[in-house]
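What follows is one structure encoded as structure tokens, with my remarks underneath.
Read the numbers this way: they start at 1 and go in the same order the structure lists the ligands and their atoms. Only a predicted model underlies this, so the values are computations on that prediction, with no experimental measurement involved.
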Amino acid sequence: MTGGTVTLKDTSAARLLCVETQLGICLRSWFAATSSEKQYHARNDPCASSQTLIRAHSWRVTLRGVIEISRQDRVFILTGAGISAESGIPTFRGAGGLWRNYRFEEVASPRAWQRDPRLVWEFYSIRRRVAAAAKPNPGHFTLAQLERTLQDRLFLCTQNVDSLHEQAGSRRAVHMHGELFKSRCDRCDRNPFDDTETYDPPADIPRCACGGQIRPHICWFGEVPYHLDRIFQALSEATVFIAVGTSGVVEPAASFVAHVRDRAQSFYVGPEEPANACAFTKCFLGKSGELLPSLFGPQ
Ligand code: OAD
């Protein structure tokens, strides 16, 4: 034990495992570490013969320098709603899911917009208020730091429409599902524009100069995600793929990991296995705000 850190070196599991002893919890941490080490195990379902599952006791144990990135690597990061959960923005699915009384298709589709644009704006006005109050968490900051370190060797693709990556310092996040604080015309091809307003009923739907209605700049169900050319180009160059906080059920993002499978190491970070878990090389189970800061080692 040196400098408040216990590093286990004897087993392959232990090589990856570093136990931080914080605030005088040395002895308990040691036992937490050894039990965590036991939980580091190869999955035994057929689709995961080469996959490893790592379960972290996030309250004491951190994984340090686990994801090795060489000078030649190109890193593709895909984030989902889970990375913003610790910032107070609810995820879509599972516990804490957003607007559970409504199916998303009822408020996030071109059909919903045609049927009831006021309801759609009410939904996105609530989301704007929630997102405006949120602050980035250590997961966002870690990815921003990683971008500063790797520069154009890192491609950050987010399904999230909040601006927490940007607030944390990421300069080149690609929002494949749009941006909550932008709006656009539903008729003409005027560029999306910054818009932090909320439009709650009974407010009128704002209008474009062309007469069209102003809608959120969001990719709704049935619409094509944005920036797919750039995204697939980056996927074709990636040698390390990391997905964070996404349930792996919404396409095309759910298939990105399969796209890189032949040439990239792939990692998942989140508290539970995603639906596409068997496509990943390793899954790190825990909250991204707690795990991400310790996955890349000192930068
Ligand atoms: P989901 O709500 O489907 O999944 C969120 C994931 O985050 C789940 O797998 C959780 O286990 C995980 N999670 C929860 N808390 C976490 C934490 N603290 N750290 C890390 N992970 C955590 O969200 P997405 O997969 O992002 O699309 O959903 C994809 C798309 O479906 C969204 O972009 C949205 C939605 O329909 C559009 O709006 C177009």
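- Atom numbering of ligand 1 starts at 1 in the shown order; those under 4.0 Å from a heavy atom of A81 are 23 (O), 24 (P), 26 (O).
- Polar contact check, W220 against ligand 1: no nitrogen or oxygen pair lies under 3.5 Å apart.
- Among S84, S288, A254, the residue whose heavy atom sits closest to atom 20 (C) of ligand 1 is S288.
- Note: no N/O pair closer than 3.5 Å links V244 and ligand 1 by distance alone.
- Close to ligand 1: F221, with a non-hydrogen atom less than 4.0 angstrom away.
- Aromatic ring pairs are classed by plane angle as parallel below 30°, tilted from 30° to 60° and perpendicular above 60°; the pair F284 and F267 is parallel.
- Remark: S170 pairs with no residue by the side chain to side chain donor-acceptor pair (under 3.5 Å) rule, at least two apart or across chains.
- No side-chain donor from either of H175 and S163 sits under 3.5 Å from a side-chain acceptor of the other.
- Shown in contact with K287 at under 4.0 Å from a heavy atom are these atoms of ligand 1, numbered in order with element: 18 (N), 19 (N).
- Here's the thing with H177: one of its N/O atoms is less than 3.5 angstrom from an N/O atom of ligand 1.
- Considering backbone and side-chain atoms alike, S247 places an N or O below 3.5 Å from some N or O of ligand 1.
- Listed by number with element, the atoms of ligand 1 under 4.0 Å from a non-hydrogen atom of G80 are 26 (O).
- Donor-acceptor pairing under 3.5 Å is lacking for the side chains of S125 and T198.
- Residue C219 places a heavy atom under 4.0 Å from ligand 1.
- Judged by distance alone, the side chains of Q145 and R148 do bring a donor and an acceptor atom under 3.5 Å apart.
- With sequence neighbours left out, Y226 forms a ring pair (Phe, Tyr, Trp, His ring centres under 6.0 Å) with H217.
- Atom CZ of R263 has more than 12 neighbouring heavy atoms from other residues, nucleotides or ligands inside a 6.0 Å radius.
- Atoms of ligand 1 lying under 4.0 Å from any heavy atom of E86, numbered from 1 in the order shown and given with element: 17 (C), 18 (N), 19 (N).
- Using cut-offs of 30° and 60° on the angle between ring planes, the pair F241 and F76 is parallel.
- Per-residue contacts place Q159 under 4.0 angstrom from the following atoms of ligand 1 (heavy atoms of the residue considered): 29 (C), 33 (O).
- In this structure a side-chain-to-backbone donor-acceptor pair under 3.5 Å is present from N137 to G139.
- Below 4.0 Å from some heavy atom of G270 lie the following atoms of ligand 1, by number and element: 20 (C), 21 (N).
- Where the criterion is an N or O separation shorter than 3.5 Å, residue side chain and backbone included, F92 meets it with respect to ligand 1.
- By the criterion of a heavy-atom distance under 4.0 Å, the side chain of V250, and not its backbone, is placed next to ligand 1.
- Within ligand 1, the atoms closer than 4.0 Å to a non-hydrogen atom of G245 are 5 (C), 6 (C), 7 (O), 20 (C), 21 (N), numbered from 1 in the order shown.
- Of all atoms in ligand 1, listed by their number and element, those nearer than 4.0 Å to a heavy atom of A85 are 15 (N).
- No side-chain heavy atom of V130 sits under 4.5 Å from any side-chain heavy atom of R127.
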Check: When you look at D200 and R118, which way does the salt bridge (Lys or Arg N to Asp or Glu O under 4.0 Å) test go after all the steps?
Finding: CA-CA 7 Å; D200 293 293; R118 282 194 171 79; over 6 Å; no

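- Heavy-atom distances between P271 and ligand 1 reach below 4.0 Å in at least one pair.
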